[in-house]
Amino acid sequence: MNDDAKKPIIVLEKVSKFFGSFRALKDIDLAVNRRERIVVCGPSGSGKSTMIRCINRLEEHDSGRIMVDGVELTGDTKDIDAVRREVGMVFQSFNLFPHLSVIDNLMLAPRLVRNLPKPERRERAMHFLERVRIPEQADKWPSQLSGGQQQRVAIARALCMNPEIMLFDEPTSALDPEMISEVLDVMVDLAGEGMTMIVVTHEMGFARSVADKIVFMDAGEIVESAAPGPFFENPTNERTKLFLSQILSH
Amino acid sequence: MSFDVHLIIDSIPRMLEGLGLTLALLILSTIIGLVLAVGVLLMRISGRWFLAWPAMVYIYIFRGTPILVQIFIIYHGMPQFEFVRESILWPIFRDAFGCCVLALSLNAGAYVSEILRGGVLGVDQGLLEAGKALGLSTRQRFVYITTPIVIRLALPAYSNDFISMLKATALASTVTLMDMTGVARTIVAKTFAPYEIFIGAAIIYLVMTWFIQKAFGLFERHMSRYVKKET
Amino acid sequence: MSVVVGWLDEYFWGTVVVLKVFGLALIMAVIFGLIGSAAKLSKIRIARALANAYTIVFRGTPELLVILIIYFGSAVTITGIAQSFDPDIQFVDIPPLWAGALAIALVVGAYMTETFRGAFLGVDHGQIEAARALGISNFKTFFYVRVPQMWRLALPNFGNHMLSVMKDTALISVIGLEEILFVAEMATTVTLKPFTMYLVVALIYLAITTVITLAVAGLEKYANRHLESAR
């Protein structure tokens, strides 16, 4: 793995993706530096989820290049596995394994992918459960937890693999309003510790306070990309202005 | 017409002699059928046409024809061919028990693989994506995520199929085997008391069915212990 | 294969018999299923108890055994009655076609009871309330609101039950019904080619089950057409 701290850790170069004849991503160019926090926003169907799912190869891009920490994403499974070990993902619908307890959910991948011995797995799992502030739920079934708690478990599960990068695909969109802040708080902590993060979200408050850069996508393209200040105060593109007026009027 | 209750009570012990054969048929064909079903399932969902098509044809044939016909083809029909009579498998084809186990196993393999496939389709895609994102390999995802969930999802349908298997063992009596139904038919031929004897046999089957359902019920509850109860 | 040609006539008429039994048994099974499910869902304790006994008994007893009980049992009974009038009578039976169809109908009807019951429960209760609010009687609500909705939910499993009825017809050959399996048995004694003869039987059944499967798939599409456009 490339250790040069100056070069971007994620690079998307002219990335395009088709679903049949529908072009979901159009010539995406994106560079993410280490420790950078990127928020991706945009209307439904703009390609935001597709883009970040290409980064850990849950979707395959059709043209262009994607480099993650020096490794180019191609059909080569070894490269894909290497990337997935370093990139953690949190899903909108949590996707916790229902047949495993909370702590078993956390320990599964470290056991199978990193071959960590049991005491270390357990210690690591409890450490991250404490980080997300629900250590007492360790032995419960996911179905016994609230939505906010389940999502925090999902974050801990991804963190147990000690990833370099964390991807969040609309992490709070499926939560009842009163549970959104408990998840956002965990994400703010994570950002504060220097984790490289790409977050697809509609939570503009979070974006304003945490993001280094906000990327606005529409119809498969990156329309505008700027630091929060300029992005919210002086959007340059008409489509950005339209989106902001719709989303900020509540 | 008289209804002789004593006859029922007297004949039940004799029919229980057939129980051994019934159970042997049931258990053997269940085990072989299960192994076969997993293999066929993997072929069916492999995505490769040269594996999936033979699997689909096999399932189509064995689900589309009566078990009795399948038994007859194997037991009566196979000996028609010289290459069968001279092969190493001949002891199986010559013997009624072997033929019945073969037919029931092939049948089970087809039905159970479809039941398992239904379970596989029921596994939430998101869970597999989470597995991928965590770096789990295809094999690891199948073993640690898909399989436990498939077992839970397939259990109700499988328990029904298991009971159907039990009932299918009665067909062995048509090729001279002395399972419970075979014994019953023999006794009826001598005593001309079809009601008492056959009802006695039915009672035994019903008791077995009751036990099987209770056992599966317990297993289902165990597998579902993590599922949220609907309030 | 040329040896089959001489028997085409018999196979044809045998197939006609199979279809006759299929039609008879299916109609009776649906009737049993509707009555059974209505009874299970009713408020009358005795009706529920009787329906429960019916499903437990006939889902737990091998179809072959039911056929034997009904055929030989009724034969013994009727012969006994006939002999009290005329002692010279040796044997009177219900025609195997009717005995067999009734037996199959009783067994599959028990499974249909469960399928219909589940489907009735799946009907949106709001519809029933709307019908009541409009003043439609219970009886009319059942036929004009509940049953049409229930069919759509019951279709997939109902298709499987139809296939069961079709395949169970082979069992009636055991009591001498001259359907295709019986024909094959007779033919084998002449042609000495059991595999060929039974293969024809299998192919005929496969053809019929394929038609049924396609028909059910078409019916499912038709029944769900109002859902497609909702997307």
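In this text the structure is predicted, and so the values were computed from the model without any measurement. In what follows, chains are A, B, ... by sequence order, proteins preceding strands, each numbered from 1.
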Enumerate, including both backbone and side-chain atoms, all donor-acceptor pairs under 3.5 Å from chain B to chain A.
{"unit_1": "B:G126", "atom_1": "O", "unit_2": "A:N95", "atom_2": "ND2", "d": "2.9"}
{"unit_1": "B:E129", "atom_1": "OE1", "unit_2": "A:R53", "atom_2": "NH1", "d": "3.0"}
{"unit_1": "B:E129", "atom_1": "OE2", "unit_2": "A:R53", "atom_2": "NH2", "d": "2.7"}
{"unit_1": "B:Q140", "atom_1": "NE2", "unit_2": "A:L112", "atom_2": "O", "d": "2.9"}
{"unit_1": "B:Y144", "atom_1": "O", "unit_2": "A:H99", "atom_2": "NE2", "d": "2.8"}
{"unit_1": "B:Y144", "atom_1": "OH", "unit_2": "A:R111", "atom_2": "NH2", "d": "3.4"}
{"unit_1": "B:Y226", "atom_1": "O", "unit_2": "A:S143", "atom_2": "OG", "d": "2.6"}

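In this structure, A:L96 and B:L127 approach most closely via the heavy-atom pair O-CD2, 3.0 Å.
Atom CG in B:L134 sits 10.0 Å away from atom CG in A:L112 (nearest 0.5 Å).
Every residue was checked against the side-chain hydrogen bond (donor to acceptor under 3.5 Å, both in side chains) condition with B:S29, not counting sequence neighbours, and none meets it. Annotation: side-chain contact (heavy atoms from CB on, under 4.5 Å) contacts of B:W53 (sequence neighbours excluded): B:W49, B:M56. Residues satisfying the side-chain contact (heavy atoms from CB on, under 4.5 Å) criterion with B:V35, sequence neighbours excluded, are absent altogether.
Within the 4.5 Å cutoff, the side chain of A:V113 has heavy atoms near those of the B:L136 side chain. Contact check for A:P98 versus B:I149: side-chain heavy atoms found under the 4.5 Å cut-off.
Within the 4.5 angstrom heavy-atom criterion, only side-chain atoms of A:F91, from C-beta onward, approach chain B.
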